[in-house]
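Each chain gets a letter, A, B and so on, in the order its sequence line appears, and its residues count up from 1. What you see below is based on every heavy atom in this structure, not just the backbone, and it leaves out hydrogens, waters and symmetry mates.
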Amino acid sequence: MNAPQLEKTYDPKAVEARWYEVWTKRGYFHASPTHPGQPYSIVIPPPNVTGSLHVGHALNHSLQDILIRWRRMQGRNVLWLPGTDHAGIATQNVVERQLMAEGATRESLGRERFIERVWQWKATSGNTIINQQKQLGESCDWDRLRFTMDEGLSKAVLEVFVRLYEDGLIYRGERLINWCPRCLTALSDIEVEHEDVKGTLYHIRYPLVDDPQTALIVATTRPETMLGDTAVAVHPDDPRYRHLIGKKVRVPLTSRVIPIVGDSILVDLDFGTGAVKITPAHDFNDFEAGERHGLPRITLFDQDAKMDPAGLLEGMVEDSILQSLTMKPVQKARAIVVEALTDRGNLEKVEDHKMALGKCYRCKTVVEPYLSPQWFVKIKPLAEPAIKAVEDGRIRIIPEGWTNNYLGWMRDIKDWCISRQIWWGHQIPAWYCRQCNAGAIFEPTSTEAQGEKETGTRRLVITKNARPIIARNVPAKCDTCGGGNFLRDPDVLDTWFSSALWPFSTLGWPEQTPDLKTYYPTSTLVTGLDILFFWVARMIMMGLKFMGDVPFRDVYIHALVRDAEGQKMSKSKGNVIDPLHVMEQFGTDALRFTLASMASPGRDLKLAEERIEGNRNFANKIWNAARFAHMHLTPTEELHHSADRSFPGLWIRSRLNDAIQTVTMELEAYRFDRATSALYQFFWHEYCDWYLELIKPILQDPLHAAGSATRQTLQDTLEVFLRLLHPFMPFISEEIWQTLPHKGETIVTQSYPVPQAHWHEPTAENTFRLFEQTVGLVRTARALLNYPPGQEISIFVAHEELAASAVLATIEQHLAHIGRGRISRLPISEWPTSNVLRLVADGITVGLSVEHGVDLQKALDRLLKQIAETDKESRRLDGKLNSADFVSKAPPEVIADHRDRLRAFSRDRAMLTNSEQQLRAMLGA
RNA sequence: GGGCGGAUAGCUCAGUUGGGAGAGCGCUGCCCUUACAAGGCAGAGGUCACAGGUUCGAUCCCUGUUCCGCCUACCA
């Protein structure tokens with residue numbers, strides 16, 4: 001091997017693409033079920049196929065890659081399965097926007113061609129995020145890349161749907177659902193984001209039919225929905241109103257009369273006026289109240305959330321009002337209704353009111369409760385086992401604090417609306433016999449459907465009474481009438497429905513593939529809190545239902561990445577940190593290391609570029625340490641002449657052993673932050689700051705007896721460290737490792753370092769502590785006396801204790817080298833009494849000879865400060881030791897420790913005083 | 001409304017069987033010492049949010065308060 005000539009600074013760009021190509025070409029990331037190791041598998045939370053890598057992905061993926069690379073090096077049978085999801089609504093939006101630019105619509109294209117168009121889009125743009133993941137160095141098995149709309153996964157979706165239906169866990173029904181009037185689809189409860197807004201509470205008079213002079217006053221935030229009221233509720237125990245139950249009121253602006261009902265669930269005695277209007281078609285609570293009282297439902301809005309004339313007619317709205325309201329959106333309608341009420345004197349009062357407004361999580365449009373037939377998953381029977389699995393520890397949520405969050409949500413879970421009125425996704429395998437459902441299906445004629453103008457009302461309607469046939473394929477004939485003319489349900493499934501199957505559908509289910517047998521259940525799921533309910537909970541339910549086992553053992557939940565000010569990153573705020581830009585600027589390893597270092601549990605990450613820059617510097621430090629090593633490693637030399645028993649060698653191996661132990665332990669505990677800090681601390685502040693400095697004289701002396709052994713240790717420890725580092729900084733570790741003597745073709749598949757009991761050297765560690773303290777005193781004294789670092793000086797060193805003195809003797813040459821001076825180990829009694837500055841710590845005294853003209857005031861100040869601190873601490877300890885309570889109740893070892901420290905302080909104090917007196921004398925002279 | 005988390009150095013954060021308060025970055029001073037100025041050395045800087053309680057002893061355990069964040073909820 002030739003000694004490589006490394007550049008002075010590390011250039012990540014040159015390194016990263018090169019190695020990534022090698023890794024993938026040689027198939028290091030490819031998993032095989034026949035691998036002898038214990039399986040360790042992770043399925044990636046599939047990013048949207050529309051997406052590009054943001055810093056949240058970067059965090060999520062970095063952590064997974066760390067786990068995966070670590071386990072791979074440990075010899076486990078590792079699979080990291082990548083993929084994307086089809087993101088129904090988001091993807092459809094993207095393609096529809098494209099069409100709009102071309103002056104087309106999905107309707108004008110027709111369903112089939114539209115879907116072709118989406119696939120086309122996916123083929124050209126869908127791999128953006130995949131390529132970016134590769135840039136991040138992710139060691140996924142790309143041969144197993146999956147997409148939720150793939151044939152295999154689609155088959156799994158179909159299978160699950162059919163089985164759930166057969167088990168009575170999927171049903172179709174007309175319910176009030178969350179409707180996005182922009183996406184024109186139903187949303188599940190959790191796809192609605194709530195935002196606090198300042199609203200208005202309108203108090204409206206509803207005159208009694210019997211006694212028009214008297215009115216019931218109801219409060220509402222949505223006055224426009226009053227036209228669809230079908231009752232007014234009061235509390236049955238309310239003395240103000242209970243006598244009115246059973247009577248009727250007139251709905252203002254209409255010719256309708258509605259009953260007053262008593263309802264203790266809906267009505268809160270203390271809120272508003274104590275009377276509530278019931279609009280079953282436009283409010284979730286009212287819907288339920290309507291069910292309780294058998295009330296009719298009047299739907300006022302169409303799918304665009306505009307006032308529907310048919311609904312207004314049904315509500316018997318006065319003609320003039322009806323005219324002005326027709327096809328008006330909610331906000332306009334509200335203004336018109338409020339104005340009309342004011343004119344009639346029906347508006348009693350208006351007040352400010354803060355309330356939560358639901359918005360579509362995809363497009364932020366205000367969602368409307370909308371009455372329509374939809375498909376639902378009956379969730380309780382699925383949730384129960386999913387609750388148990390977490391309760392009994394078969395699934396562990398980390399950090400543990402989120403467990404209650406999960407359990408609370410699961411115990412209170414509501415049926416899941418899974419149908420979406422879009423085209424891109426898994427179409428529901430439900431067919432309707434046209435013959436048998438003649439009265440329940442209204443189809444637009446083909447000319448209307450293809451027509452340029454969108455009429456809005458001429459859409460396909462399949463009423464709640466239609467009878468579906470659920471099957472894996474188109475039914476051959478109708479069981480009832482024998483006919484063969486079917487209409488397929490146009491709705492597609494919620495994207496999360498397919499995502500919920502991800503841990504087993506990606507492994508080949510429903511086939512019993514070797515992959516499935518080997519890698520299910522997966523080991524760990526790494527994800528953000530935001531999809532705990534969307535995804536994690538549903539995977540657990542589906543995994544238990546269809547695999548009979550949990551989908552993963554550990555769920556590691558990481559926090560959100562925010563900007564340096566703690567603001568959520570968003571494109572509109574312009575505060576996004578683009579991981580690709582960062583990788584370009586500072587290197588991928590620096591970004592990965594930074595993200596891992598900030599992944600403290602339960603706390604959001606505030607990411608500033610300076611942190612990444614700092615870790616870029618760390619990478620550069622490693623690079624330069626390697627350059628240093630290469631200057632001294634002579635590859636042709638026969639090493640292993642003798643074991644390295646030198647102090648630096650023993651010490652650094654002991655520290656490396658400790659680092660291996662810590663990093664491994666912290667990874668096992670998912671403490672990425674502490675693992676990185678152990679790596680950083682070890683390499684920079686032990687390996688570079690001390691070890692490399694300590695061995696320089698040995699290396700620079702070609703005839704040094706310890707030369708060969710030292711070079712061996714230098715090389716070995718660096719090599720071990722690189723393996724320890726590799727999961728965190730894959731690129732630089734590979735690049736440097738390749739330049740060192742090594743066996744094997746890549747660091748990727750080398751074994752992860754394991755602590756070696758015989759590396760542990762408490763004696764060397766104790767010696768080092770003494771050494772470090774002594775050097776610290778020398779350097780402090782040097783700084784106080786303004787001696788330049790290079791100036792050779794006379795250094796006196798002594799220790800109060802004999803044993804420690806003896807140790808100092810063994811490291812004299814190291815003290816001389818690092819302290820840059822001539823060492824004298826004369827007893828203190830024989831030191832010159834003047835022209836020596838003495839500093840003291842823990843029994844050590846260091847003396848530096850003072851040249852004429854040096855300002856000693858700084859030294860005196862420091863000494864006085866140290867004396868004051870010593871006295872303060874001594875008084876504190878003394879106080880405790882003099883307390884009878886402390887001495888009688890504190891544990892003996894604590895008392896002994898306090899006594900020892902007090903003794904040490906008073907010992908140092910005597911030496912400090914001595915030093916102070918000499919210094920004063922010198923100052924006076 | 002309910003639940004959860006946070007408040008420690010100028011900034012970002014570590015700190016679990018309660019007993020001497022830490023790191024990184026930033027700052028100050030001195031140094032281009034042949035691995036590294038993307039560096040080295042030295043140093044300044046903290047009533048551990050506030051008020052009580054438990055304890056011989058509390059940053060740590062308990063209660064309350066204030067402030068910030070998140071999740072969740074049908075107060076019309």
Across the strands shown, which category fits [X] at heavy-atom distances under 4.0 angstrom: base, sugar-phosphate, nothing?
X         : result
Phe618(A) : nothing
Lys277(A) : nothing
Glu613(A) : nothing
Asp412(A) : nothing
Arg611(A) : base
Ser677(A) : nothing
Lys865(A) : sugar-phosphate
His685(A) : sugar-phosphate
Glu792(A) : nothing
Pro789(A) : base
Lys621(A) : base
Gly879(A) : nothing
Leu877(A) : nothing

From [atom1] of [X] over to [atom2] of [N], roughly how many Å is that when rounded to an integer?
X         : N      : atom1 : atom2 : answer
Asp689(A) : A23(B) : CG    : C1'   : 14 Å
Ile397(A) : C71(B) : CD1   : P     : 17 Å
Ile895(A) : G20(B) : CD1   : C1'   : 16 Å
Leu692(A) : C41(B) : CG    : P     : 12 Å
Leu529(A) : C70(B) : CG    : P     : 12 Å
Phe886(A) : C56(B) : CZ    : C1'   : 7 Å
Ile612(A) : G26(B) : CD1   : P     : 14 Å

Please work out which of the three classes, parallel, tilted or perpendicular, describes the rings of His814(A) and Phe771(A), given edges at 30° and 60°.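 Aromatic pair Phe771(A)/His814(A) classed perpendicular.
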Between [options], which nucleotide has the shortest distance from any of its atoms to the side chain of [X]?
X         : options                : result
Glu873(A) : G19(B), C36(B), G20(B) : G20(B)
Lys880(A) : A35(B), G19(B), G24(B) : G19(B)
Met598(A) : U12(B), A38(B), A76(B) : U12(B)
Asn405(A) : U33(B), C71(B), G19(B) : C71(B)

Please determine whether a side-chain nitrogen or oxygen atom of Arg674(A) lies at a distance below 4.0 Å from atom OP1 or OP2 of A14(B).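 Result: no.
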In Watson-Crick or G-U wobble terms, both distances under 3.5 Å, what is the partner of [N]?
N      : value
A7(B)  : U66(B)
A42(B) : U28(B)
A14(B) : none

Do His632(A) and Gln700(A) have a side chain donor and acceptor closer than 3.5 Å?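 There is no such pair (donor and acceptor under 3.5 Å, judged by atom type) between the side chains of His632(A) and Gln700(A).
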Kindly say whether, by distance alone, the side chain of Arg616(A) makes a donor-acceptor pair under 3.5 Å with the base of A38(B)?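 Side chain to base: pair present.
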Could you tell me whether the side chain of Arg876(A) has a donor or acceptor atom within less than 3.5 Å of a complementary atom in the base of G20(B)?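 Absent.
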